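Please read all numbers here as calculations on a predicted model, not as lab measurements. Side chains included, hydrogens not; waters and symmetry mates left out as well; all remaining heavy atoms used. Labels below follow one simple rule: chain letters A, B, ... track the order of the sequence lines, proteins then strands, and each chain is numbered from 1.
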2 protein chains.
Amino acid sequence: MKITIKDIAKEAGVSVATVSNVLNGTGRVSEETAKRIRRIIEERNYVPSTLARGLKNKNTQLISVIVPYLKKGDFEENPFFWQLVSGVEMGTKDQAFNVMLTRVDRDDDLSFVKRHNVDGLIVVGINADSALYQNILDLKIPTVFMDSYIEQPGIYQVHNDDLLGGYLGTKHLLSQGHDRIVLVMGRLADRGVEYQRLLGYKKALAEAGLAYDTHLVMENGGSMLGGYHAAQRITVLPEKATAAFVLSDIGAMGLIKGLNEMGKKVPEDISVVGYDDIFYTEYMIPSLTTIRQDIFKKGMMAAGLLLAQINGEPVPEQSIFLPVELKVRASTAKRLEKGCE
Amino acid sequence: MKITIKDIAKEAGVSVATVSNVLNGTGRVSEETAKRIRRIIEERNYVPSTLARGLKNKNTQLISVIVPYLKKGDFEENPFFWQLVSGVEMGTKDQAFNVMLTRVDRDDDLSFVKRHNVDGLIVVGINADSALYQNILDLKIPTVFMDSYIEQPGIYQVHNDDLLGGYLGTKHLLSQGHDRIVLVMGRLADRGVEYQRLLGYKKALAEAGLAYDTHLVMENGGSMLGGYHAAQRITVLPEKATAAFVLSDIGAMGLIKGLNEMGKKVPEDISVVGYDDIFYTEYMIPSLTTIRQDIFKKGMMAAGLLLAQINGEPVPEQSIFLPVELKVRASTAKRLEKGCE
DNA sequence: GCAAGATGATTAAACGATTAAGCAAGGTGG
DNA sequence: CCACCTTGCTTAATCGTTTAATCATCTTGC
C-alpha cells in the first residue's frame, strides 16, 4: 500500500499542511520540524503523487510526443524518429518531466491529451493543412511543432534550415560537375520541410544557370522501398542523369540498393546525396554523403522550448532554426566524362 | 477551462453520481436519462480526467516502457528499440492505455513510477543481476520483462527463442562449409539473450563435431562501432576464419564496413550473419543474412501480457517464447576452396 | 389497503495532495 | 501593560471523480 502524505504527517506528529509546506518550500515551517519531516520522507521513501498534485494544480509533469503513422497501422521505420524522441526524453530528464509517446493517425482522436491532462505537446511532421493540425491547436495547450513550417503567427516551432540543406546538397553535386540531378522526395507539396529543400535545390540550380526540369523530380521516394523503386525510374530517363539527391537517408539507401541491382555503381555511375544523417550513414557501403541535422539535439531543443513555455518562462524565439551541414562521404564523386550523355 | 463532470451534471439536471454511473455503466440509470447525459457528453466533448479517476481507483491507464541507456547520457542507436516501442504502443492502443517512454541508467531512480502511479512496466534488456532489476521488482507493480531470461519464478517474460537463433545462424554457416566461425557479441556473460545465443552456437558446433574455440569469440561487438573494430581482430587471427556470426545487425553492419575497408569482400572472403532483422537488413549491400525476430510483434505481445495482468485477467503463460527464423540473404556464401588456410 | 421489493435517483465520503485562512504563543514598541 | 506583529503551526476547502449508503417513488402481491 502506497505511503502518502498523511503517513508522513502522522509519523512526524504534524498536520499534512506542514508536510506539504516543507515539500514545496512555501509557508513557514521551523527548521527543526522541516528537518524531521525531511528525514522521515527520506526514510519512508515517500514520493508525492502527481495525480493528486495535478488535480489541484492543473499540471502533471507529463508531455506527449505525437508522431504520425506512415500508413494506417503501419509503423514508421525511419530511425529519425527514435533519435528525435530520445532527444526529447533527454531534454525533459533534468526537469522531472516525463514523456508520453503517442503515434497518431490522421483521423485519430486526441482525447488522451485531455484525459491525462498532458502539460504540453511536441508534434512531429504534421502538415499545417491537415485536420489533425487544427485538432491539436484546438486543445489550446503549450505545443511545439517540429519540421512543420507553419506560417501562422504565435506557433512555437523547431526546424533545421531545410532550404540551406537543399541548397548545400545540390551545390555539392553541381560542384562535382553534375548538371542533371534527380531530386527524390516523398511528396511534392507547396509547404513543409520537403518544399523548403526543394526551394534550396532550385536556388542552387538557378545560381548555376541551370533550368529546373520537372522530369528530374520524383515523388514517393521518401521510404526505403520508395527510394528503391526510384532507381528504375532514374535509369529510364530520356536524358541520362548522373546524380540524385534523395531527401531522406532511408530513401537514399533504397535508391543505392536499387541502382546496385541494376548494375549501376555508386558513385562511379551515379552520385547519391541523402538527407538527415541518421546514425548509420557512415557505415553504409558506400558511406553516404548527406545533409546532417542534429536530430537528437533538435529533440532536446524542442523539449526545452516546450518546458519553458509550460513553466511560464519568457520565451523570445518562437521559431528556432538549427543549422545543417554537408557531410561529404563516399557516395558522391566527380562526374566522369565517360558517364555523360 | 476544462469541462468537468459537474458541468455535465448541471446541464443534464442530475447529480454527478448519475453522470458517473452512465459513464461507468454501473448503478441504475433510466435509459431516458442515460441517453440525455450521453448526448450532452458528446456535445460538450467531455472526457473524464484520468487524474481524478486514478486518485480514487488507483489506476492511471499509463504504462511505462523502460529502456536502458547504452552509456551514461549516450543514446542507444539500435533501431531495435524503436520497433519494440512502436509495437508496445500499438498493443496498448485499443485498450485506451498510453505509453510513457523512459530511458534509465543503471543507477537512475525509478521514482517516476510512483509519482505518476504508472499501472505497469515493460522492461527491456535488464540483467537479472543488476541493482536496477531489484529496484524494479521492489516497486511491486505488474511488470513484463523482455529479453531478460530471468530464472526467478513468477516473473512475466517475453523473448524469442534465442538458443535456436544462435543454433540456426551457426548451422547455416556450417552448412556452407565454414568451420571456423567467429562469434561477435556484446558481452560474454552466463545469462541473458547473448548467452542463449552462445549456447546455440556451441550446440551447432558440437553437433558438427567441432571444438568450441574461445579465440573465435569476440566481445564488445554489439554496437556498430564495436562490430567495426572486430574486423581488425578477425583478420589478425592466427588461424584464418571464413565466417562471422554477429549477435546484432548493427554490429554486423559495422563488421562488414570494417572488413570492406580492409579489402575483405563479403561474402566472397568472409560470410557474415547478423541477428535481429532490423528494418533495413534487406537494403544493405550485400543484403544481410540474419536471424529474424519479429520485434514489433514482440512489443505487442508484451503489451498484451502486461495489460492482461493489470486488468486482472487470468494469464496462464508467464514466459512467452516467440519463434525466430533464418533469413538467408547475400552476406553468406559457400566457403571457397581458395579461401581456406 | 399496506408491507415489501424494484427502480432511479441523490448525498456524502473518499482518494492525496495544495493553499488560503485562522489561531495560539511569544516578542516588541509606545 | 496592552495592542500588535511574528512565527509556526492547524483547519478546512478544493481539485474531479467513484461508490457505498440512503432515500423517495412506484409496483406488486396478498
Side-chain angles (χ1 to χ4, degrees), chain A residues 1-38 40-41 44-62 96 111-119 141, chain B residues 1-38 40-41 44-62 96 111-119 141:
Chain A
M1 200 200 39
K2 218 167 154 283
I3 153 158
T4 74
I5 197 173
K6 270 189 196 163
D7 303 318
I8 302 296
K10 191 188 290 178
E11 186 166 343
V14 296
S15 71
V16 294
T18 303
V19 177
S20 177
N21 278 330
V22 350
L23 240 29
N24 298 287
T26 121
R28 290 176 296 236
V29 183
S30 72
E31 192 44 47
E32 189 193 9
T33 311
K35 222 179 265 171
R36 179 158 40 94
I37 290 176
R38 270 193 287 266
I40 296 174
I41 286 177
R44 291 275 170 274
N45 202 6
Y46 163 71
V47 179
S49 155
T50 349
L51 281 195
R53 196 171 257 182
L55 192 55
K56 190 94 229 291
N57 292 349
K58 275 96 183 58
N59 71 288
T60 50
Q61 306 290 110
L62 239 196
S111 61
F112 70 90
V113 172
K114 282 197 202 171
R115 253 205 312 274
H116 286 281
N117 275 76
V118 169
D119 285 343
I141 65 170
Chain B
M1 200 202 36
K2 221 170 151 279
I3 154 158
T4 75
I5 198 172
K6 271 188 195 163
D7 303 319
I8 303 296
K10 190 188 291 179
E11 185 166 345
V14 296
S15 70
V16 294
T18 302
V19 178
S20 177
N21 278 330
V22 350
L23 240 29
N24 297 285
T26 118
R28 289 177 298 237
V29 182
S30 72
E31 191 44 46
E32 188 192 6
T33 312
K35 223 178 267 170
R36 177 159 39 95
I37 290 175
R38 270 191 288 266
I40 296 173
I41 287 176
R44 292 276 169 273
N45 203 5
Y46 163 70
V47 178
S49 153
T50 350
L51 280 195
R53 196 172 255 184
L55 192 55
K56 190 93 230 292
N57 291 348
K58 274 98 185 56
N59 71 287
T60 50
Q61 305 291 108
L62 238 197
S111 61
F112 70 90
V113 173
K114 282 196 202 172
R115 255 206 311 274
H116 286 281
N117 276 74
V118 169
D119 284 344
I141 67 169

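- At the phosphate of C:dT18, neither OP1 nor OP2 sits under 4.0 Å from any side-chain N or O atom of A:Asn57.
- Of the side-chain N and O atoms in A:Lys2, none sit less than 4.0 angstrom from OP1 or OP2 of C:dC15.
- For the pair B:Gln61 CD and D:dT17 P, the interatomic distance rounds to 15 Å; values are reported in whole Å.
- Following rounding to the nearest Å, B:Lys6 (NZ) and D:dC15 (P) show an atom-to-atom distance of 5 Å.
- The side chain of A:Lys58 places an N or O atom within less than 4.0 Å of a non-bridging phosphate oxygen (OP1 or OP2) of D:dG16.
- Distance, B:Ile8 CD1 to C:dA9 P: 17 Å, rounded to whole Å.
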Quick one: do A:Ile40 and A:Val19 satisfy side chain to side chain contact (heavy atoms under 4.5 Å, CB included)? Show the steps, please.
-> CA-CA 10 Å; A:Ile40 296 174; A:Val19 177; over 6 Å; no
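- You'll find the side chain of B:Ile5 reaches within 4.5 Å of the side chain of B:Leu23, heavy atoms only.
- Where B:Val14 and A:Pro48 each meet DNA chain C at their nearest nucleotide, the meeting point lying more 5' is that of B:Val14.
- Contact record, A:Lys2 with A:Ser49: NZ-CB, 4.1 Å, taken as the closest heavy-atom pair.
- Contacts of A:Thr4 with the nucleic acid, taken as non-hydrogen atoms under 4.0 Å apart, involve only primed sugar atoms and P, OP1 or OP2.
- Distance from the side chain of B:Leu55 is smallest for C:dG16 among the nucleotides C:dA17, C:dG16, D:dT17.
- The closest side-chain heavy-atom distance from B:Leu62 to A:Leu62 is below 4.5 Å.
- In this structure, the side chains of A:Arg53 and A:Asn24 come closer than 4.5 Å at one or more pairs of heavy atoms.
- In this structure, A:Lys10 atom NZ and C:dA17 atom C1' are separated by 17 Å, rounded to whole Å.
- Put simply, NE2 on B:His116 is 17 Å from P on C:dG16, counting in whole angstrom units.
- Nucleic acid contact for B:Ser15: base, since at least one base atom lies under 4.0 Å from a heavy atom of the residue.
- Distances shown here put every side-chain N or O of A:Thr50 at or beyond 4.0 Å from the OP1 or OP2 atom of C:dA17.
- Atom CG in B:Asn24 sits about 9 Å away from atom C1' in D:dT17, given to the nearest Å.
- For DNA chain D, none of the residues of residues 28-38 of chain B falls under the heavy-atom distance limit of 4.0 Å.
- Residue A:Lys114 contributes atom NZ, which lies 16 Å from atom C1' of D:dT17 at whole-angstrom precision.
- Checked by atom type and distance alone, the side chain of B:Arg44 never pairs as donor or acceptor with a backbone atom of B:Ile8 at under 3.5 Å.
- Under the 3.5 Å distance criterion, the side-chain polar atoms of B:Thr50 are left unmatched by any main-chain donor or acceptor of B:Thr60.
- The side chain of B:Ser20 has D:dT19 as its nearest neighbour among D:dT11, D:dT19, C:dA17.
- A salt bridge links A:Arg38 to A:Glu31: at least one charged side-chain nitrogen sits closer than 4.0 Å to a carboxylate oxygen.
- Nearest nucleotide to the side chain of B:Tyr46, out of D:dT17, D:dC15, C:dT19: D:dT17.
- Using a 4.0 Å heavy-atom distance criterion, A:Thr18 is classed as a base contact.
- For A:Lys56 and C:dG16, the NZ to C1' distance is 12 Å, given to the nearest whole Å.
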